[in-house]
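Single-structure report; data block below.
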Protein chains: 2
Amino acid sequence: MVTIKDVAREAGVSVATVSRVWNDADFVSPETRQRVAEVAARLGYSPHGAARSLITRTTFALGVLLPDLYGEFFSEIIRGIDHVVRAAGYHILVSSSHESKDEIDAALRSMRGRVDGMIIMSSDLEAQRTLRTLQGSFPVVLLNGDAESKAFDTITIENHEGARAMTRHLVARGHRRIAMIAGPERNHDAAERLRGYRTTLTENRIELDESLVVQGDFSELSGHLAVTQLLALESRPTAIFAANDSMAIGALSALRENDLRVPHDMAVAGFDDIPLARYMNPPLSTVHVDISQLGARAAALLLLSLQKGIRPHEHMQLSTTLVIRASCGGAVS
Amino acid sequence: MVTIKDVAREAGVSVATVSRVWNDADFVSPETRQRVAEVAARLGYSPHGAARSLITRTTFALGVLLPDLYGEFFSEIIRGIDHVVRAAGYHILVSSSHESKDEIDAALRSMRGRVDGMIIMSSDLEAQRTLRTLQGSFPVVLLNGDAESKAFDTITIENHEGARAMTRHLVARGHRRIAMIAGPERNHDAAERLRGYRTTLTENRIELDESLVVQGDFSELSGHLAVTQLLALESRPTAIFAANDSMAIGALSALRENDLRVPHDMAVAGFDDIPLARYMNPPLSTVHVDISQLGARAAALLLLSLQKGIRPHEHMQLSTTLVIRASCGGAVS
DNA sequence: TCGATTACTGAAATCGTTTACAGCGCTCTC
DNA sequence: GAGAGCGCTGTAAACGATTTCAGTAATCGA
């Protein structure tokens with residue numbers, strides 16, 4: 001491996017000069033600059049990242065901790081982050097499967113000295129509490145977590161509003177028995193979406209029937225299973241609101257297997273508006289969230305912290321919009 | 001920031017001892033070990049990654065260069081890589097939008113000293129040639145590239161076989177006018193898939209009609225556009241084979257907009273079998289590729305290189321299987 | 001002609017670790 | 001009782017860069 005010393009020796013200068021040339025510093029004569037540049041190119045020199053970040057105390061890398069990597073939701077987030085981060089010359093160090101406190105802890109430790117900041121998405125409320133311990137080591141942006149974590153920048157989706165809008169729409173279309181396929185119990189987003197659903201029903205004086213709320217885990221399979229469960233009910237719902245699109249998609253396939261027509265026999269709605277929602281047949285009504293924007297905003301916030309140093313923590317809310325497609329019967333007439 | 005020195009001072013030992021405790025080295029008395037561990041925990045010490053990898057010459061990180069991050073294909077690859085890599089205690093440093101030679105070059109430079117090896121996916125054939133220059137700096141696995149790059153480990157999909165199988169199936173179902181929505185011109189996978197399509201037609205003595213081959217770019221939109229183009233033909237095809245699923249999905253939506261029924265009026269097939277293919281309506285016939293496996297194998301190969309040092313380069317072929325669903329009319333009767 | 005200024009370059013300290021080597025106090029052996 | 005061996009610990013040299021500070025030669029002003 002060719003180091004700065006090799007270049008220095010070969011060019012007949014000191015390592016300091018090579019460093020200056022590489023970093024476009026002042027006070028290097030044009031001739032020296034040229035000669036060093038040539039030698040560096042010939043030897044194929046590029047500085048050693050670790051050595052560099054040891055002394056400069058910056059790595060130009062951001063850590064991204066995700067609970068999972070499965071499905072379009074996460075890939076969109078990464079895409080959003082990468083897009084912003086790349087423009088600023090940063091890279092991202094990804095690590096997934098971090099739900100529990102211990103795993104997050106371990107990941108954080110192992111990233112010390114390798115990243116300048118972190119974007120952490122852990123919907124598990126418990127895990128977030130423990131994060132507080134790491135205050136001060138480096139900037140952190142919390143994604144989709146508990147916005148009450150005043151110790152960090154946070155970005156959350158308007159889950160409650162979104163769920164209310166969709167539930168209201170279903171009610172407006174005349175549905176009274178609306179089922180909800182809920183997300184993971186300890187997930188913050190899921191809880192908020194469920195809450196929005198409940199509030200709206202109550203507001204519309206529709207009695208809450210707990211048998212219509214089925215637990216899911218955000219996966220397609222769980223959506224499928226939830227429908228089987230709902231169809232076994234004595235008094236079936238006329239509409240199904242899934243807490244995310246993946247489960248809605250699973251629901252659609254289960255309904256098809258049971259020869260139920262959507263939206264005629266059963267209206268279906270999802271949440272997130274992942275790219276493929278529109279390609280479903282029928283196209284899926286859902287609550288649109290600009291997922292990649294979620295990542296992009298988080299990245300931007302983090303970069304801001306890095307540039308500006310300490311500053312008051314921000315708590316962003318990403319708004320949602322109702323996207324009515326065919327799966328719930330279309331717009332209210 | 002708390003360093004090893006702080007811990008050493010606080011515990012009344014030398015930094016060497018702290019290091020030994022941290023790395024579970026021998027020859028530390030139980031009492032010292034305990035005391036140091038306590039102090040480290042109290043101070044919240046964790047070693048500085050850059051400093052550590054500077055001296056140990058390992059980073060426990062692998063670089064992943066992708067052309068793009070859009071869509072399920074890439075997220076599946078990352079998932080496959082992450083899964084394997086995590087088990088070995090590694091992280092991944094992701095960087096996307098690297099198609100051209102220069103971009104790849106820049107990314108490689110910026111990753112020197114930050115990763116122990118790289119997985120590079122660049123279907124652009126030109127870019128691959130230039131990669132040769134970097135031989136020897138660190139192990140590299142080429143994904144889906146030109147398997148002839150004898151200088152690296154490579155993993156490729158059996159594109160040719162897969163395309164042949166699907167085309168054969170369409171022929172067997174009685175189709176004679178089969179259109180192909182091809183992928184990007186300079187993409188290796190795309191080229192091979194197109195070649196498989198052509199070989200099969202020739203083998204079956206079906207005349208190649210170049211107006212039936214439409215250029216796409218692997219995006220849903222391009223699939224949509226391609227169909228519009230095909231439908232404008234005087235003599236329409238009866239089947240459409242898209243070089244990847246995304247384009248097939250775009251094709252399906254275009255056909256629906258034109259009130260053509262699939263598979264009755266037009267058979268459609270894709271390639272890749274991305275997770276959502278089965279959820280299409282009608283479910284999409286496609287050539288199954290275990291995408292996450294592609295990433296997983298690449299990661300495994302890379303880890304092997306890191307452990308074993310120099311070894312002969314491997315050239316893996318990932319096999320494909322035909323997945324016949326409703327969109328092409330089902331199995332041959 | 002001399003001192004000051006300017007333009008450039010080099011020596012050396014530094015970042016936070018790991019690790020080879022040396023040292024120290026014991027115990028054991030002959 | 002001297003030397004060897006053992007168990008533990010500390011000193012100091014790396015790793016590859018950046019950066020401060022000092023030094024040198026050339027130019028300038030008086």
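In what follows, every chain begins at residue 1, and chains take the letters A, B, ... in the order their sequences are listed.
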Partner residues of A/Arg33 under the side-chain contact (heavy atoms from CB on, under 4.5 Å) criterion, sequence neighbours left out:
A/Val21, A/Asp24, A/Val28
Taking the side chain as every heavy atom from C-beta outward, state whether B/His83 and B/Ser292 have any pair of such atoms under 4.5 Å apart.
no
Between C/dG16 atom P and B/Asp6 atom CG, what is the distance in whole Å?
9 Å
Candidates A/Leu306, A/Ile155, A/Ile119, A/Thr154 - the one meeting side chain to side chain contact (heavy atoms under 4.5 Å, CB included) with A/Leu301
A/Ile155
For B/Glu185, look at atom CD and say whether over 12 heavy atoms of other residues, nucleotides or ligands are found less than 6.0 Å away.
no
How is A/Ser19 classified with respect to the nucleic acid when contacts are heavy atoms under 4.0 Å: base, sugar-phosphate, or nothing?
base
To the nearest Å, how far apart are A/Arg33 CZ and C/dA7 C1'?
13 Å
When we call it a touch if two heavy atoms are under 4.0 Å apart, what does A/Val28 touch: a base, just sugar-phosphate, or nothing?
sugar-phosphate
Looking only at side-chain atoms of A/Thr56, point me to the closest of D/dT9, D/dT18, D/dG16.
D/dT18
Whichever of B/Pro30 and B/Arg57 has the more 5' nearest nucleotide on DNA chain D, that residue is B/Pro30
Distance check needed: C/dT17 C1' versus B/Met1 CE, whole Å only.
11 Å
Nearest-nucleotide pick for A/Leu54, side chain only, options being C/dT17, D/dG16, D/dG10:
D/dG16
Indicate, with a heavy-atom threshold strictly under 4.0 Å, whether A/Ser53 touches base, sugar-phosphate, or nothing.
nothing
Minimum-distance nucleotide to A/Tyr45 side chain [options: C/dT19, D/dA17, D/dT9]
D/dA17
Tell me what A/Thr3 touches on the nucleic acid: a base, only sugar-phosphate, or nothing, going by heavy atoms under 4.0 Å.
sugar-phosphate
Looking across every strand, which nucleic acid part, if any, lies under 4.0 Å from A/Arg20 by heavy atom: base, sugar-phosphate, or nothing?
base
Comparing A/Ile55 with A/Lys5, nearest DNA chain D nucleotide closer to 5' gives the residue A/Lys5
Rounded to whole Å, the CZ-P distance (B/Arg9 to C/dT17) equals 13 Å
Hey, does the side chain of B/Ser14 come within less than 4.0 Å of D/dT9's phosphate (OP1/OP2), counting only N and O?
no
What nucleotide, of C/dT18, D/dG10, D/dG16, holds the atom closest to the side chain of A/His48?
D/dG16
Report which part of the nucleic acid B/Arg112 touches: base, sugar-phosphate, or nothing (heavy-atom distance under 4.0 Å, all strands).
sugar-phosphate
Is the closest side-chain heavy-atom distance between A/His313 and A/Leu142 below 4.5 Å?
no
Does B/Ser29 put a side-chain nitrogen or oxygen below 4.0 Å from OP1 or OP2 of D/dG7?
no
What nucleotide, of D/dC8, D/dG10, C/dT17, holds the atom closest to the side chain of B/Ala16?
D/dG10
What's the closest nucleotide to the B/Arg52 side chain, out of C/dT18, D/dC8, C/dA11?
C/dT18
Distance check: side-chain N/O of A/Thr32 vs OP1/OP2 of C/dT9, anything under 4.0 Å?
yes
Regarding the side chain of B/Val15, the nearest nucleotide among C/dT18, D/dT9, C/dG16 is C/dT18
Can you measure A/Ile4 atom CD1 to D/dT19 atom P for me and round it to whole angstrom units?
11 Å
Evaluate the ring planes of A/Phe60 and A/Tyr90, with Trp represented by its six-membered ring, and classify them as parallel (under 30°), tilted (30 to 60°) or perpendicular (over 60°).
tilted
